[in-house]
*Asks:* 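Handing you a structure now.
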There are 2 protein chains.
Amino acid sequence: MPADLHAASPEDGALWQHETAQRNGLRESKMRRPTLEAVATRAGVSKSTVSRVVNGQTTVASDIRDLVMRAVNDLGYVPNPAARSLVTRRTDSVAVIVSDPPAGLLSDDPMFSMVVRAASREFEAAGKQVMLMLAGSPESLLRTRQFVTAGHVDGVMLVSMHGADPLPAALAGTGVPVVSHGRPAVTAELPWVDNDNVGGATQAVRHLLDQGRRRIATISGPLDMTAAQDRLGAYRETLRETGRRSIVAIGDFTRISGAEAMAQLLEDDPALDAVFAANDLMAIGAMRALRQAGRRVPDDVAVVGYDDIEAALYTDPPLTTVRSPMADQAVASARLLLGMLEGGSTASVTLPTELVVRDSA
Amino acid sequence: MPADLHAASPEDGALWQHETAQRNGLRESKMRRPTLEAVATRAGVSKSTVSRVVNGQTTVASDIRDLVMRAVNDLGYVPNPAARSLVTRRTDSVAVIVSDPPAGLLSDDPMFSMVVRAASREFEAAGKQVMLMLAGSPESLLRTRQFVTAGHVDGVMLVSMHGADPLPAALAGTGVPVVSHGRPAVTAELPWVDNDNVGGATQAVRHLLDQGRRRIATISGPLDMTAAQDRLGAYRETLRETGRRSIVAIGDFTRISGAEAMAQLLEDDPALDAVFAANDLMAIGAMRALRQAGRRVPDDVAVVGYDDIEAALYTDPPLTTVRSPMADQAVASARLLLGMLEGGSTASVTLPTELVVRDSA
DNA sequence: CTGAAAGCGCTTACAG
DNA sequence: CTGAAAGCGCTTACAG
């Protein structure tokens, strides 16, 4: 207590109040939340009973339940997740781990947005919180593995947006359920959900053939991704069946790589009359390159993409493409993991695709 | 033990092994991870000492430290986050809460991808895990508030991608540090990071004026968002200064809304010679509508967008736009929150914009 | 149907 | 510099 309290002036009083308010503010932010014990005391029952009510057990007499609920509401009680998780060994959360390329590459990829959002909705609807992790660098690989091992999450959904990902293997030994959105490149023993890349690419090339195109090139994705491998394989196979040769350039699923690959293709074979791009982003890049080279789409060169992202409706001309059910695939991945957490099936699933014909081919 | 064990045949043996392996597999997945106590026993020291080493305290003799580290590595020890969090009252994680529109609207918005990724990288670099939450429905609002109140996270970064969000207000009373990516519509007392919407929009309209355009329309974003309000306000103000009248249509920041707004505008004022779209997505929609109406860009109608997303490089013609530092803004938001967790500044920040002139205006 | 008690795996004063 | 002990806030057999 200040020594000069007996001489307190109104100003002193105001100052004092101010400091008190600040302290209260501070204390409030650090103040402990009401505990289960506080609720028990207020309701005049045991902690066990409160715990049962809070967890929805039906073995509690309804009048007692009401008593407890009132205390919970009065106090604004919310269970401490750390304490709960410590004893139940569940976290009620899952990790969505997205391989993040260095230097912002692919950073506005619509796939990221679609997949992460669709999966998140699904998980949240099932009462699971989602922890988003970006796994790019080697350190982050270690970090990710530690994180999962530590028991931070009940399960993992892997979204490999690039190469030969070491993550599936790294996560295999953790004993935590893992699913992969997209078939992983290394055949780890983990279930996945994918779309029918072979079927989709085959449809695309057949369509071009049906339109009377004869020199059909392709822009492939990076060859360490199974989606790229499968689409390229189907392109080659379909052409081979009709006795035509492949004309291939490799991109990395970005717009700019599509543009560069198209320029290369035009140089390699100026007489080509069609191109199948392994995704829409590269198709958009290819269309720009064609424009710059003075070729008309589809009159001179027909273009088919893959994915049917929304942007495919806004190209000039609108893009013919293979619809891959991105959101459905994400939802299916989430459900597969959710099922596994309940001890359900670990069977991988392949979703069908559909050709969407617009004006570019 | 099976009653017929004495009659076991080789086949039985194999079967038995198989079952054993399965059980071991099961047990392994449920098996308790090594605890701090196990490490202490193995190293022949107390739990306190192990804890100190694991947490990097420097007060431990180096030979003892080595002993402990060896035990940690041998056992593959990883601390249990729930137990740690229970006593430290920290979680070392933050929530990134994105307002998620119903029905997949905006779902491939590049903003989501850019902002979430940039912020995640920043948080992860600081050792914070990110919990991604989608807050769309009224239930999710409640859920979100509870989640934060329960102490699941040390701080919150809010990303309002639409309307008059009730979240800032709902989170204000929790005592948990919150920052907003983008100035919130309701003036809650929380720090934010935004780009200079007024400055950016002013640059856009001035540029159009400088090009000799005389009937300049705008496609605004939804008016419950401050970014939309500010951009529209600056458009109006700039035209007013030069004695011109505003021609306004309202979109919702999606491509399709941009196309519809443009069609409306053309109907309202067929003689317009320029349009300022409040984001690039709507500008892309507007360009499609102009194409369908037979207007050439920029000869008949000049178009300026806002954001400078990557797609702006791929329109025909390439889009003149205002560069808003999306990723920088997300990084700044993350840093602001990180700083607040250390007791640092709560000052809001505004980032500068820059006009990028390409061929559409 | 309800309660007392043990225990989940850590950290942190407090002694020494 | 190191250790014994208390305690974080829950859940869950185990009795009654």
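In the text below, chain A, chain B and the rest are named by the order of the sequence lines, each starting its count at 1.
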*Asks:* Start at the 5' end of DNA chain D and walk down; is the nucleotide closest to Val87(B) or to Thr49(B) reached first?
*Replies:*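 With Val87(B) and Thr49(B) compared, the 5'-side residue is Thr49(B).
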*Asks:* Tell me which residues in residues 58-72 of chain A put a heavy atom below 4.0 Å from DNA chain D, sorted by number, or none.
*Replies:* none
*Asks:* Return the minimal non-hydrogen interatomic distance between Val54(A) and Pro79(A), and the atom names on each side.
*Replies:* CG1-CG, 3.9 Å
*Asks:* Just wondering, do Leu167(A) and Ser99(A) contact through their side chains at under 4.5 Å, heavy atoms?
*Replies:*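 Ser99(A) vs Leu167(A): side chains apart.
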*Asks:* Assuming nearest nucleotide by heavy-atom distance, tell me which of Arg52(A) and Glu37(A) is located more 5' along DNA chain D.
*Replies:*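 Counting from the 5' end, the first nearest nucleotide belongs to Glu37(A).
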*Asks:* Would you say the side chain of Thr174(A) lies within less than 4.5 Å of the side chain of Arg145(A), judging by non-hydrogen atoms?
*Replies:*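 Yes, at least one pair of side-chain atoms sits under 4.5 Å.
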*Asks:* Exactly one of Leu341(A), Asp154(A), Val156(A) should register a side chain to side chain contact (heavy atoms under 4.5 Å, CB included) with Pro177(A). Which one does?
*Replies:* Leu341(A)
*Asks:* Kindly assign one of parallel, tilted or perpendicular to the pair Phe112(B) and Phe112(A), based on the angle between their ring planes and the thresholds 30° and 60°.
*Replies:*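 Ring orientation of Phe112(B) relative to Phe112(A): tilted.
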*Asks:* Chain B on DNA chain D: first and last contacting nucleotide, 5' to 3', under 4.0 Å to a heavy atom?
*Replies:*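 Nucleotide range in contact with chain B: dC1(D) to dG9(D).
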*Asks:* Within the 4.0 Å heavy-atom criterion, would you say Thr35(B) contacts the bases, only the backbone, or no part of the nucleic acid?
*Replies:* sugar-phosphate
*Asks:* Check whether any side-chain N or O of Gln129(B) sits under 3.5 Å from a backbone N or O of Met131(A) as a donor-acceptor pair, and report yes or no.
*Replies:* no
*Asks:* Both distances below 3.5 Å, Watson-Crick or wobble geometry, any strand: find the nucleotide opposite dA13(C).
*Replies:* none
*Asks:* Can you find a heavy atom in the side chain of Thr149(A) that is under 4.5 Å from one in the side chain of Arg33(B)?
*Replies:* yes
*Asks:* Which atom pair, heavy atoms only, marks the closest approach of Ser345(B) to Ala347(B)?
*Replies:* OG-N, 2.9 Å
